[in-house]
Amino acid sequence: MALIVQKFGGTSVANPDKIKAVAKRVLACKKKGNDMVVVLSAMAGETNRFVDLANQMQAIPDPREMDVLLSSGEQVTIALFAMAVKEMGDDAVSLLGDQVKIVTDRMHTKARIKEIDSALIHKHLKDGKIVVVAGFQGVTPDGDITTLGRGGSDTTAVALAAALKADQCDIFTDVDGVYTTDPNICAAARKIDRITYDEMLELASLGAKVLDIRSVGIAKRYKVPLHVRSTFTENEGTWVVEEDKKMESMQISGVTYNKNEARITIAKVPDQPGTASKIFKPISDAGIVVDMIIQNTRGTEMTDMTFTVPRTDYKRAMTLVEKIAADIGAESVSGATDIVKVSVVGVGMRNHSGIATTMFDTLSSEGVNIMMISTSEIKISCVIEEKYTELAVRSLHKAFNLDQAA
Ligand code: ADP
Ligand code: ASP
Ligand code: MG
């Protein structure tokens, strides 16, 4: 008998029939003698609908209230799922984050899990129930509801699997596993059978939303075996595992894109010691994560500073930056949200040269202008205009021979 955590994403529970189908699948697994803990997302589209509603109420929605709103979608699906199981003659109990006690910090809309109390879940499992936990939510030590950031149900599932010392964690979604690029925009994308935690961390951090990055970090730290697979087929999916020698022979394992960033440029910043810290400290104090930063010196006294922030934090960041720019005597502030960051990722990059050149050549031969570049040991990213996303992803996928079977 094993303890299995299974997470089903929004498209897997998009309507009553799909919820019933998922309940049937989970029940079949329970009937094989396993203890089942199920983590659910909100029905597809619900969380976006809540964000739209909030934006109609307040220019920058209050983060605490935002979490009360955003967390409600998962409350609906877990209750419906438990009803479906009961209708099928078995037993289930739905639990919200604060009932389990998934305790987080107070960083509303992007909270981090601090600890999970597994006692109540174990009690219900012992009573023979399927335990259905709301994904994406937690509670602060003072009892306020928090959410974990978009896509956070994956993180709930993996954190629960680690806390419960589960034998397996299955992430069920609407594609067959992790692909060499998003299969929904590149028909030539291929499913990867096994991928390392580190590569998956890079892919997730660069926009492959099939797994939330924090879920991969937790899986790596606690060695949780992760299996990403389709809700709609019985096919074997992708295993996220520790690195082995064979994997290093591949140059590039994937191409990603991230449309969740926005660009901010401060023009003609006085080029003096301490300026960068004056600009970025208030931004980080506000809990806004800056990604790429480029500084261009103009002559000797002035510099332009361009950086990216999450699109969801763009308005807040702009308000802060306009004030900072005035304080430090910069000339102007501009920004854009119609950008995308495309990246190529692979552990094999450590031993191969010329990857950056291939990437730049490929984009230029498609007439795509590169606005920003950043690199790390196993990835190269370029910021380009959002309208070129599909063109760039498909041509890079081809240029790095990902279209062909390994
Ligand atoms: P869920 O609602 O199940 O959590 P998501 O929409 O969050 O599902 O993630 C699955 C989606 O991730 C897929 O439908 C696909 O469009 C997208 N995706 C992006 N990059 C990749 C990739 N490299 N491999 C697989 N899917 C990817
Ligand atoms: N419902 C949340 C979202 O759409 C969490 C999740 O699906 O993982 O971001
Ligand atoms: Mg998701």
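Predicted model, so just to flag it, every value in this text is computed and none were measured. Note that ligands are numbered from 1 as they come in the structure, with each ligand's atoms numbered from 1 the same way.
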Any E74 heavy atom less than 4.0 Å from ligand 2:
yes

So is G151 polar-close to ligand 2, meaning N/O to N/O under 3.5 Å?
yes

Judging by distance only, is a nitrogen or oxygen of Y179 under 3.5 angstrom from one on ligand 1?
yes

Do the side chains of D182 and K209 get close enough for a salt bridge, i.e. N-O under 4.0 angstrom?
no

Would the distance check show the side chain of T306 and the main-chain N or O of T265 forming a donor-acceptor pair, the cut-off being under 3.5 Å?
no

Counting non-hydrogen protein atoms only, what is the nearest one to atom 6 (C) of ligand 2? Give residue, atom name and distance.
S153 OG, 3.3 Å

Determine whether the side chains of D67 and T147 contain a donor N or O and an acceptor N or O closer than 3.5 Å.
yes

S71 side chain to Q137 side chain, donor-acceptor N/O pair below 3.5 angstrom:
no

Verdict with supporting geometry, I192 and T180, side-chain contact (heavy atoms from CB on, under 4.5 Å):
CA-CA 7 Å; I192 302 170; T180 46; 4.1 Å; yes

Are any of the N or O atoms of K7 closer than 3.5 Å to those of ligand 2?
no

Considering heavy atoms of the protein only, find what lies nearest to atom 7 (O) of ligand 2 and give residue, atom and distance to 0.1 Å.
S41 OG, 3.1 Å

Mark up the atoms of ligand 2 that fall under 4.0 Å of a heavy atom belonging to G152, in ascending order.
5 (C), 8 (O)

R25 bridged to E234 by N-O distance under 4.0 Å:
yes

Nearest-contact summary for atom 4 (O) of ligand 2 - protein heavy atom, Å:
R150 NH2, 3.0 Å

4.0 Å heavy-atom contact, G9 with ligand 2:
no

